[in-house]
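Numbers for residues simply follow the sequence, beginning at 1.
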Amino acid sequence: MRNLKIAIALLVSVTLSAFNATTQEKKIRILLMGDSTTEGGKPVFEESIEQLLSDQDESTEVEVINVGRGGETAYSLLNSSRYDGQIKNIEQIDYIFFRYGINDWFHRMPVEEHFKADVKKVIDRLRVDFSEAQIIMMTIIPFLEESKTEIINDYISEISQEESLELFDIYPTYFSKMEELGKNSMNVRFFPLDSIPENYHSLVRPYTKFYDWKDAKWVRVQSNEFDPLFGHLEGWYKDQHPNTTGYRLIADETAKYLIQKLDSE
């Protein structure tokens, strides 16, 4: 009788363990790679994706890691210590969203000779170091002149086809929303304090910071709240980096893209 009780207890224990294993939360880890238009979204960008995906499925834990770096190209990503030191050893990544091309246009000319080769070298490394992850190519957002953006995005599309990778084409949606909300609706305002009339300096003080790489104080605003005051100043709308509105849009489209993938798997 005692042996029977022990056997039943063991059976119950094994059954409960199996049940817990099948009902425990799933975890998805997402890596965002890119330039300043990726890095600049911290923490709104990654937190928005996490929240949107978790709201869709409460049983799924989502972690988004943003390793974007301002000024970076696909070439400099590999030909520096950053990839080996900060990226390659990140564990258990399921999806990699890869968005480069803006700085490559400025710093790796002629782009037709370098860009595709540079990106493919990164893809080769990612396939080795993140063999279980799915790499998803992303087009760049409106930043360069339209004709230059089209060239870069055509190369990105070609790479995705040649490397048999999925393409997440964020550009059309971003451009359409920008037209709907206004040309500068999703851009940050980044402007030298010295170019703002002195009588307004106390008003913009909460938005002012000294930037070492500019060696000056600059005003950085995420909304249009000062447009009525400074919109006439030359260069007020020059910066094309996304503001929080832009990052919310990219995050929402990223979450929708992943939800469709997860539903089909």
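- Between L126 and M33, the closest side-chain pair of non-hydrogen atoms falls below 4.5 Å.
- In the hydrophobic clustering of ILVMFWY residues, with side-chain heavy atoms under 4.5 Å counting as a link, Y257 and I259 come out together.
- Between A133 and Y95, the shortest heavy-atom contact is CB-N, 4.5 Å.
- A search for salt bridge (charged side-chain N to carboxylate O under 4.0 Å, His left out) contacts involving D239 returns nothing, not counting sequence neighbours.
- The shortest non-hydrogen separation linking G101 to I152 is O-CD1, 3.6 Å.
- Separation of atoms NZ (K183) and CZ (F175) is listed at 10.0 Å; rounding is to 0.5 Å.
- In this pair, Y100 and F98 present their aromatic rings tilted. The plane angle is within the 30 to 60° band.
- Side-chain contact between D227 and R189 is present, with heavy atoms from C-beta onward closer than 4.5 Å.
- Cluster membership check: V188 does not share its hydrophobic cluster with V44, using side-chain heavy-atom separations under 4.5 Å among Ile, Leu, Val, Met, Phe, Trp and Tyr.
- The neighbour count for E113 CD, taken as heavy atoms of other residues, nucleotides or ligands under 6.0 Å away, is above 12.
- Rounding to the nearest 0.5 Å gives a distance of 11.0 Å between CG of D124 and CG of D129.
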>> Does N103 form a side chain to side chain donor-acceptor pair (under 3.5 Å) with T73? I'd like the steps, not just the answer.
In response: CA-CA 6 Å; N103 294 310; T73 65; over 6 Å; no

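- The minimum heavy-atom distance linking N243 with S185 is given by the pair ND2-O, 3.1 Å.
- Within 6.0 Å of atom CD in E146, 12 or fewer heavy atoms from other residues, nucleotides or ligands are found, so the atom counts as exposed in its surroundings.
- With salt bridges taken as basic N to acidic carboxylate O contacts below 4.0 Å, one links D252 and K256.
- Y75 belongs to no hydrophobic cluster, as no Ile, Leu, Val, Met, Phe, Trp or Tyr side chain comes under 4.5 Å of its own.
- Counting Ile, Leu, Val, Met, Phe, Trp and Tyr side chains that sit under 4.5 Å apart, directly or through other members, Y200 shares a hydrophobic cluster with F191, L193, I196, L203, V204, Y207, V219, V221, F226, L229, F230, L233, W236, Y237.
- Using a 4.0 Å cut-off between charged side-chain N and carboxylate O, E253 and K177 make no salt bridge.
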>> Evaluate L77 against R82 for side-chain contact (heavy atoms from CB on, under 4.5 Å), listing each step before the verdict.
In response: CA-CA 6 Å; L77 170 65; R82 198 171 93 82; 4.0 Å; yes

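- Between I151 and L144 the shortest side-chain heavy-atom distance does not fall below 4.5 Å.
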>> Checking K209 against R220 for the side-chain contact (heavy atoms from CB on, under 4.5 Å) test, could you report, in this order, the C-alpha distance in whole Å, the side-chain angles of both residues, the deciding distance, and whether it holds?
In response: CA-CA 8 Å; K209 178 181 175 182; R220 186 177 180 89; over 6 Å; no

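- Here the straight-line distance linking atom CG of L249 with atom OG1 of T173 works out to 7.0 Å at 0.5 Å rounding.
- Placement of W105 and I141 in two distinct hydrophobic clusters is found when ILVMFWY residues are connected by side-chain heavy-atom separations under 4.5 Å, directly or transitively.
- No chain of hydrophobic side-chain contacts below 4.5 Å, direct or via other Ile, Leu, Val, Met, Phe, Trp or Tyr residues, connects I156 to Y174.
- Looking at L258 and I28, their side chains never come closer than 4.5 Å, going by heavy atoms from C-beta outward.
- The CD1 atom of I159 sits 6.5 Å away from the NZ atom of K116 when rounded to the nearest 0.5 Å.
- Looking at every heavy atom in both residues, L52 comes nearest to A255 through CB-CB, 3.7 Å.
- Listed here is the closest heavy atom pair of S48 and R248: OG-NH1, 2.7 Å.
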> Would L262 and T60 count as a side-chain contact (heavy atoms from CB on, under 4.5 Å) if you check the C-alpha gap in whole Å, the side-chain angles of each, and the deciding distance to 0.1 Å?
Replying inline: CA-CA 11 Å; L262 294 171; T60 301; 5.8 Å; no

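- Heavy-atom neighbours of E225 CD from other residues, nucleotides or ligands within 6.0 Å: above the threshold of 12.
- You'll find the side chain of I140 stays beyond 4.5 Å of the side chain of T37, heavy atoms only.
- With values rounded to the nearest 0.5 angstrom, T139 atom OG1 is found 8.0 Å from F168 atom CZ.
- Across all non-hydrogen atoms, the minimal contact from M186 to M178 is CE-N, 3.6 Å.
- Proximity of E63 to I30: side-chain heavy atoms (C-beta onward) are nowhere separated by under 4.5 Å.
- Although no hydrogens or angles enter the test, the distance criterion places a donor-acceptor pair under 3.5 Å between the side chain of S160 and the main chain of S157.
- For Q92 and K27, the side-chain atoms include no donor-acceptor pair closer than 3.5 Å.
- Side-chain N or O atoms of S131 include none that pairs as donor or acceptor with a backbone N or O of R127 at under 3.5 Å.
- Considering only residues two or more places apart in sequence or on other chains, N187 meets the side chain to side chain donor-acceptor pair (under 3.5 Å) condition with Q240.
- Residues satisfying the ring-ring contact (aromatic ring centres under 6.0 Å, His included) criterion with W218, sequence neighbours excluded, are F190.
- In E150, the CD atom is not crowded: 12 or fewer heavy atoms of neighbouring residues, nucleotides or ligands sit closer than 6.0 Å.
- Note that the OH atom of Y83 and the CD atom of E72 stand 11.5 Å from one another [nearest 0.5 Å].
- Residues V67 and I90 form a side-chain contact, since some pair of their non-hydrogen atoms from C-beta on lies under 4.5 Å apart.
- One hydrophobic cluster, built from ILVMFWY side chains closer than 4.5 Å, holds both I96 and L167.
- Under the 3.5 Å distance criterion, the side-chain polar atoms of E50 are matched with a main-chain donor or acceptor of V64.
- Contact check for M137 versus V119: side-chain heavy atoms found under the 4.5 Å cut-off.
- Figure legend: cation-pi geometry between K42 and F45 absent, as NZ or CZ is not positioned both under 6.0 Å from the six-membered ring centre and within 45° of its axis.
- With S264 contributing its side chain and K261 its backbone, the two residues share a donor-acceptor pair below 3.5 Å.
- Shown here are the ring-ring contact (aromatic ring centres under 6.0 Å, His included) partners of F143, two or more places apart in sequence or in another chain: H241.
- The pair R108-D104 does not count as a salt bridge, with every side-chain nitrogen at least 4.0 angstrom from each carboxylate oxygen.
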